[in-house]
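First up is the structure itself, then whatever we jot down about it.
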Amino acid sequence: MDTTIEPQVVSMPRIGDKAPEFKAVTTQGEINFPSDFKGKWVIFFSHPADFTPVCTTEFMTFANLEKDFEALNCSLVGLSVDGLYSHIAWLRTIKEKIEFNGMKNIEVKFPLIEDITMEVSKKYGMIQPGESSTKAVRAVFFVDPKGVIRAIIYYPLSLGRNFDELKRALIAMQTADAYAIATPADWKPGDDVIVPPAGSCGTAKDRMESDEVQCKDWFFCTKSLPLN
Ligand code: BEZ
């Protein structure tokens, strides 16, 4: 029997697109996305299923870091294709029974969307049939305060997300916006940043002669940022 999965056309929003709009029922009441979050960053993420171990560790970690993300003006919104009562029961079990990595008694206070119809998950390309046609993969959409998608990360079902990386990516994008710079490989807050390549011969010459940026060559200049 041929078990090859025929490629399907799956629509997915892209970096730079306006985040597709939807209204949804969540564990914190109804939300209108992204309009309810105007002026804030949002990490909108999907997980495969309630009452599964990897997802449980991810939810505990997200909930544990929620204050850090809020301090960065970033809200969290989760989704799975399970129903509201399953979500409620799972979040109650997590709080009452589960310990992980030193975390316990963890209350998930951010909204978790019920998406039994898969309407939202399909809109965001979270159902990837080669991986599963009944569960969402682990997608992460970073949506900026204007409702624009700024970064997208996808993980397969078996791979729990790296939360240091999610936080680093958010801070890097906020820093890039604030200072019109870029961030190099493995950048972390406090490290030098990249000055975007010069767009004219004059700028290239000025850069090479400037004391404020350090250039290895005209196209490769870095600088430090004020500490804050
Ligand atoms: C989990 O979250 O543990 C999980 C979910 C779906 C497939 C495999 C693992």
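In each ligand, atom 1 is the first atom listed, and ligand 1 is the first ligand listed.
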Among all protein heavy atoms, pick the one closest to atom 3 (O) of ligand 1 and tell me residue, atom and distance.
-> V54 N, 2.7 Å
Would you check whether R138 reaches within less than 4.0 Å of ligand 1, judged by its heavy atoms?
-> yes
Check whether more than 12 heavy atoms from other residues, nucleotides or ligands sit under 6.0 Å from atom CD of E212, and answer yes or no.
-> no
Ignoring angles and geometry beyond distance, decide whether T52 reaches within less than 3.5 Å of ligand 1 through its nitrogen or oxygen atoms.
-> yes
At a 4.0 Å threshold, what atoms of ligand 1 neighbour a non-hydrogen atom of C55?
-> 1 (C), 2 (O)
Within the distance-only criterion (no hydrogens, no angle test), does the side chain of R138 pair as donor or acceptor with the backbone N or O of L157 below 3.5 angstrom?
-> yes
Inspect the surroundings of CG in D186 and state if more than 12 heavy atoms from other residues, nucleotides or ligands are less than 6.0 Å away.
-> no
Flag, side chain of N162 to backbone of L166, donor-acceptor distance under 3.5 Å = no
Starting from atom 6 (C) of ligand 1, locate the nearest protein heavy atom and write down its residue, its atom name and how far away it is, to 0.1 Å.
-> P48 CB, 3.8 Å
Look at atom 7 (C) of ligand 1 and say which protein heavy atom is nearest, naming residue and atom and giving the distance to 0.1 Å.
-> L157 CB, 3.8 Å
Ligand 1 contact by S158, heavy-atom criterion under 4.0 angstrom | no
More than 12 heavy atoms of other groups within 6.0 Å of E119 CD = no
Hey, are T56 and W90 close enough side-chain-wise for a donor-acceptor pair under 3.5 Å?
-> yes
